[in-house]
Structure formats: C-alpha cells, structure tokens
Enquirer: 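Here it is, the structure in full.
Quick note: numbers below take in every heavy atom, side chains included, and nothing from hydrogens, waters or symmetry partners. Positions are given from 1 along the sequence. Numbering of ligands and ligand atoms starts at 1, following listing order.
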Amino acid sequence: MRIRGAGRIARAGASALGKFAEGYNGGSKEDFLRDLDMAREELLASRPTAVSLWNGLQASVRGASSASDMEGARRSVIDNSAAFVEMSSKAVETIAKIGAKRIQDGDVVLTHCNSSAALGILKEAKRQGKKFTVYATESRPWRQGILTVNELADAGIDVTLIIDSAVRTVMKKATKVFVGADTITSNGALVNKIGTSQLALAADEARVPFYVCSETYKFSPMTMFGDMVTIEERGCEEVVKEGEIRDSVKIFNPVFDSTPAKYIDAIITEVGMISPGAVYDVMIRQLGDGIFDLRD
Ligand code: RI2
C-alpha cells in the first residue's frame with residue numbers, strides 16, 4: 001500500500017522487472033527466464049485486483065523467451081519495461097487532455113479515492129482556466145481521499161472533502177462524476193475502489209454523467225476468456241483499532257467493487273472516449289498489436 005493507484009502500481013511493477021534484469025548476473029538464458037518468472041509471480045501476488053499490474057509485467061517480459069541468448073533476453077526486459085513506463089505516463093497525459101474537454105465552467109465534480117487519471121483531467125481543466133468545484137470522498141478505510149484533496153488544493157482547485165456516506169446527499173449538487181479504474185472487464189464493467197458502485201447508483205438516480213478515466217492497460221484480457229476479477233480483501237486492522245470491538249465480531253473488508261457497464265456514460269482512455277460496449281473491440285486490437293500477449 002506504499003504505492004497506490006493502479007497506474008503507478010503497473011509502472012512500479014514494470015520498473016522492478018527492468019531493475020531485476022539490469023542487476024541479473026546469473027548463468028544461462030534458461031536460468032534468467034526461470035528467475036524472471038519467479039520475480040514476476042512475486043510482484044503479481046502483491047495486489048490481486050488491478051490488472052494494470054499484470055499487463056505491465058506482461059509487457060515487460062514479452063518476447064524475452066525468443067531472444068537468442070541471456071544477454072538478449074535481459075536487454076529485451078530492460079527495454080520493454082522502460083517502454084511500458086513511458087507509454088503509461090503518456091497515456092495519463094493524453095487522458096487529461098481528452099477528459100478536460102468534458103469539464104465546463106460551473107461544473108460540480110464528484111470524485112472517489114485517489115486516481116491519477118481522474119485528477120490529471122481536473123488539473124488540466126484548471127490549467128485551461130475552467131471554473132469548477134470538486135467534492136472528494138474520504139475513501140475509507142485507507143482514506144486516500146486525503147491525498148486527493150491535498151493534490152487538488154495544491155493545484156489551486158476549490159475542493160471539499162466529504163465522508164463516504166455523504167455521496168447521495170452531495171450528488172444532488174453534482175454535475176459530473178469522474179473516477180479511476182483498477183480493472184475494466186470485457187463486458188465494460190468497472191472494478192474500482194470500494195464505494196465506486198454506490199457512487200454510480202447515486203449518479204444514475206440523479207441523472208449525473210458518470211465518467212471512468214482509464215488507460216487501456218487496465219482492460220483485462222483474461223475476462224475475455226471468462227476469468228473473474230479477484231476482489232482483494234484486506235485485514236481488520238484497517239477498519240478498527242485493536243480492542244475497539246468484541247472478539248466475536250467479524251470484519252469484512254473488501255477493497256474494490258464492481259460497477260456494471262449500464263451505469264457508465266463513457267470511459268476516457270488514451271485512445272479516445274469510448275462506450276463500455278467498445279472495451280472488447282479495443283482489447284482485440286491491443287491483442288492484435290501484441291500489447292496483451294496471453295501466450296508468453
Ligand atoms: P490511477 C486506486 O486503487 C483507486 O481505486 C483508483 O481509482 C485506481 O487505483 C486507479 O488509480 P489502488 O490500486 O491509476 O491504489 O488512476 O488500491 O492512479
């Protein structure tokens with residue numbers, strides 16, 4: 001949890017594999033590929049929900065097995081990981097430019113948790129001189145909303161912190177919702193920080209447009225093949241302090257939830273603003289480009 005945000009997690013994972021390859025001084029290509037796979041598995045186990053990590057690692061190891069020798073395989077991982085990090089950072093910038101066009105003077109934006117893709121849009125809109133205000137949820141239990149409000153305040157944006165249960169009340173004032181994504185499935189559903197789906201329901205009820213800000217490497221190719229997204233559950237110490245509740249009380253702490261495609265007005269990606277129904281086609285194109293490679 002020291003690295004937060006699905007995009008940052010993916011970049012950190014890809015960079016870690018790049019550093020692993022840089023520092024590797026083992027023997028044969030086979031040794032390297034075996035150790036690389038172990039490193040990849042260990043990184044993957046750190047956060048099970050965000051597919052961005054899987055895609056970042058996959059992009060880094062792609063093609064390494066077909067290199068002619070250990071040096072070639074090592075070089076390929078170093079280059080691929082650097083290319084992924086660059087592509088990922090550029091994607092966030094492109095999303096900011098596309099999404100900022102959706103912000104108009106007078107908008108009251110509601111956001112949840114801490115998404116660099118969503119905040120990039122708000123900061124770009126501010127840079128362009130647009131006048132709008134933001135409400136940001138606290139996002140229990142980790143309270144990533146504190147990061148969000150400070151980041152927006154530092155950018156000179158008028159921002160108000162609310163507790164998570166104030167979402168439906170505040171939705172009456174909101175004109176748009178912008179949230180990030182940890183994973184998007186082939187049928188256009190959004191997996192994001194717990195509480196996102198209740199934001200979507202409240203937005204639907206109040207007829208407020210609900211925008212998801214997501215790089216395409218948050219699209220999960222595995223869901224195309226029927227796999228379910230694993231929802232990470234975290235420890236009870238994140239929810240209560242020791243001794244605060246009776247020993248017999250259980251704690252359930254899922255940290256992500258799923259929002260069906262029907263509640264999403266558009267997904268703002270680096271390849272454009274798309275409908276949730278277009279996710280499958282974009283994924284097929286990425287697979288064709290070899291960005292998502294299930295074979296390696
Ligand atoms: P960016 C965060 O969760 C939030 O759920 C956020 O919406 C999502 O990642 C995307 O963040 P976590 O992965 O990639 O930190 O837009 O648990 O920064």
Enquirer: If we count only N and O atoms by modelled type, under 3.5 Å, do the side chains of Thr49 and Asp182 hold a donor and an acceptor together?
Expert: no
Enquirer: At less than 4.0 angstrom from any atom of ligand 1, which residues have a non-hydrogen atom? List them by chain and residue number.
Expert: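 Lining ligand 1: Arg4, Gly5, Ala6, Gly7, Ile9, Arg47, Cys113, Asn114, Ser115, Ser116, Ala117, Gly180, Ala181, Asp182, Asn192, Lys193, Lys218, Phe256.
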Enquirer: Answer yes if the side chains of Gln198 and Arg168 hold a donor-acceptor pair under 3.5 Å, and no otherwise.
Expert: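 Side-chain D/A pair, Gln198 to Arg168: absent.
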Enquirer: Under 3.5 Å, is there a donor-acceptor pair between the side chain of Arg234 and the main chain of Pro254?
Expert: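 Not confirmed, Arg234 side chain does not pair with Pro254 backbone.
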Enquirer: Assess the side chains of Asn80 and Ser60: does a donor N or O sit below 3.5 Å from an acceptor N or O?
Expert: no
Enquirer: Which residue pairs pass the ring-ring contact (aromatic ring centres under 6.0 Å, His included) test with at least one member in residues 181-210, sequence neighbours excluded?
Expert: none
Enquirer: Before giving the answer on side chain to side chain contact (heavy atoms under 4.5 Å, CB included), spell out for Ser28 and Met70 the whole-Å C-alpha distance, their side-chain angles and the decisive distance to 0.1 Å.
Expert: CA-CA 6 Å; Ser28 64; Met70 194 296 255; 5.9 Å; no
